[in-house]
Amino acid sequence: MAEKKTSKANSKSKPDSKDIKKKFDYLMNDYKNIWKSSSQEERDSIFAFADEYKQFIDIAKTEREFVSEAINLAKAKGFVDINSLNSIKPGQKVYASIKGKGLVMAVVGKQPVSDGFNILGAHVDSPRLDLKPNPVYEDEETVYLKTHYYGGIKKYQWTTIPLSIHGTVYLKDNTCISICVGEKDEDPVFYITDLLPHLGNEQMSRKGSDIVKGEDLNVIIGGIPIEEDIPQAFKINVLKYLFETYGMTERDFVSAELEIVPSMKAKDVGFDRSFIAAYGHDDRVCAYPALATILSIPKPNKTCVCMLTDKEEIGSYGNTGAQSRLFENVLAELFGKQNRSFDELLYRKTIENSKMLSADVSNGFDPKYASVSDPRNSAYMSHGIKIEKYVGARGKSGTNDANGAFVVEVIKAFEDNGVIWQTGELGKVDEGGGGTISAYMAQFGLEVLDCGVPVMSMHAPYELISKADLYHTYLAYKAFVLHMK
Ligand code: MN
Ligand code: MN
């Protein structure tokens, strides 16, 4: 006798498979692609914010330029130099330059400063080539600048691309001159050669870090001699140009801070313009939304701070890096100028009551290089701002590991305000690692969480981000400063 299939399920009408899936939705964590759920209105906002961002980063490629452009925008919005004030009141907008390479901006809240600050911290330095102190030399009738790379780069990526020179030179008489060549359409650019493939057999068999060596990152800056027939006539002609144009001599390179950066402008990528390629998304893609946030907030409840640091790419050292007391001094000044006195313990408690987002980029999952990432713990392009409870390397070495109670508070502020977020690690365990400013800020006892925009080709001369992630990072930073209690 054959078995008769009359199960209960079969005797009823079949439920919709979609309903069954929905029934258990609350149990599962799912991160969505922003483009799949965005309205036309939201897309308009995404594209408009991206245009503002591109415009800003094209004129602010270095830490100095970012700081001076940010101060210009801040002044236009009513921010004043904190040094010009004896006291501060709710709604007051102030800024403090950290030696022209870092910046702290604040909007004083309705609640007393002693309730703590809501802080956004990002860095405005990016990987680049700095000049050596004796950079100019002539070789085979061509004039070069010797460089020393700054931050973690793949050296071979910096050859055969148009480069510009940005920075300052302090002359003997202590006047400071600014140099920026290679950005305007009519400007010349500068150039590092690479070997032709026809003769590249030995070079191509080297390991990646040696394909182009550090000592070979020499930038071509000239090739016409001075009229007189003398030794080093080519080098002298360039020095003569520099003296006539800027008043500088070879010796002034010692007190110069000149940076070689890619001269490419930010560009939309893709027929649908979904991505932006640009130099130095790391970390201007977080610094800009943090800046836009502080510039746009009305009188907040808690005092909101935007902290833009330098030297992150080399470990946050120096008095303009996040480890410098100069940033903390501005917070102390805010506290002191509101209370008209300074109680050390009360001030320390104020910092303890503070909350911070360490706004820095992380890697976006790249399917071409999937093997270095754990696909279950990666951030994906266009899936929103990436929260990283911890960063670091190996056994979480060198990281701040944010407190769970704070993480859940941040996520609530994000979700209550329509922010699309995701999470992940920077690559597989033991694959590599990275650090941010969060570990240094955590020393003050404040709560701090890393979060920012996923980037592809990070630290390359031309990096890639998603416009949707940029916009939701802006929404996230706004939600954080305005809604964290
Ligand atoms: Mn960074
Ligand atoms: Mn970086």
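Atoms within each ligand, like the ligands themselves, are counted from 1 in listed order. All values reported here derive from a predicted model rather than from experimental measurement.
Between Phe190 and Trp158, the ring centre distance reaches or exceeds 6.0 Å.
Salt bridge Asp268/Lys467: present, at least one basic N to carboxylate O contact under 4.0 Å.
For residue Cys286, no N/O/S atom approaches the Mn ion (ligand 1) to within less than 2.8 Å. At a cut-off of 2.8 Å, His123 is not counted among the residues with an N, O or S atom near the Mn ion (ligand 2).
Lys146 and Asn218 are linked by a side-chain donor-acceptor pair at a separation below 3.5 angstrom, with hydrogens and angles left out of the test.
Within Glu313, the N, O or S atom at minimum distance from the Mn ion (ligand 2) carries the name OE2.
With the Mn ion (ligand 1) as the vertex, OD1 of Asp282 and OD1 of Asp360 span 100° to the nearest 10°.
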Would Leu291 and Phe66 count as a side-chain contact (heavy atoms from CB on, under 4.5 Å) here? Give the steps.
CA-CA 10 Å; Leu291 170 66; Phe66 198 109; 4.1 Å; yes
